Amino acid sequence: MPVSIDESRYLTAAETAVLLSTTETKVLMLVKRRVLEGELYGDIWMISRASVENYDPKRTEAKDELSCRTGCSSSTCGCH
């Protein structure tokens, strides 16, 4: 269930993962890369509902793959 913090709408990382059909780990990776907006409250990550609604996985994943291919020298990243 959405939580209202500072008049903004937030979801937990678990709720966000369900909405995006992914894992909490992937959600937190998206927050770390600033693809999704998130705040840590205590030990719970809260993700901005607006950033979830604006998230386009096709655009984000294509951009990530391109940047990794051009700047990554490791085959352990999983993108190539």
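These numbers were taken from a predicted model, which means no experiment stands behind them.
Here CD of Glu53 is found 9.0 Å from CG of Leu19. Values are rounded to the nearest 0.5 Å. Note: Thr16 OG1 to Tyr55 OH = 11.5 Å, rounded to the nearest 0.5 Å.
Legend: residues meeting side chain to side chain contact (heavy atoms under 4.5 Å, CB included) with Ser21, ordered by chain and number and at least two apart, are absent.
Remark: of the listed residues Leu11, Val31, Leu36, Val31 is the sole one forming a side chain to side chain contact (heavy atoms under 4.5 Å, CB included) with Trp45.
Taking each heavy atom of Leu28 and Ala13 in turn, the nearest pair found is CD2-CB, 4.2 Å. For the pair Tyr10 and Glu39, the tightest heavy-atom approach, listed with the atom from each and the gap, is OH-CG, 3.9 Å.
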Yes or no on side-chain contact (heavy atoms from CB on, under 4.5 Å) for Glu37 and Ile47, after CA distance, side-chain angles and deciding distance?
-> CA-CA 6 Å; Glu37 295 176 18; Ile47 314 303; over 6 Å; no

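Placement of Leu40 and Met29 in two distinct hydrophobic clusters is found when ILVMFWY residues are connected by side-chain heavy-atom separations under 4.5 Å, directly or transitively.
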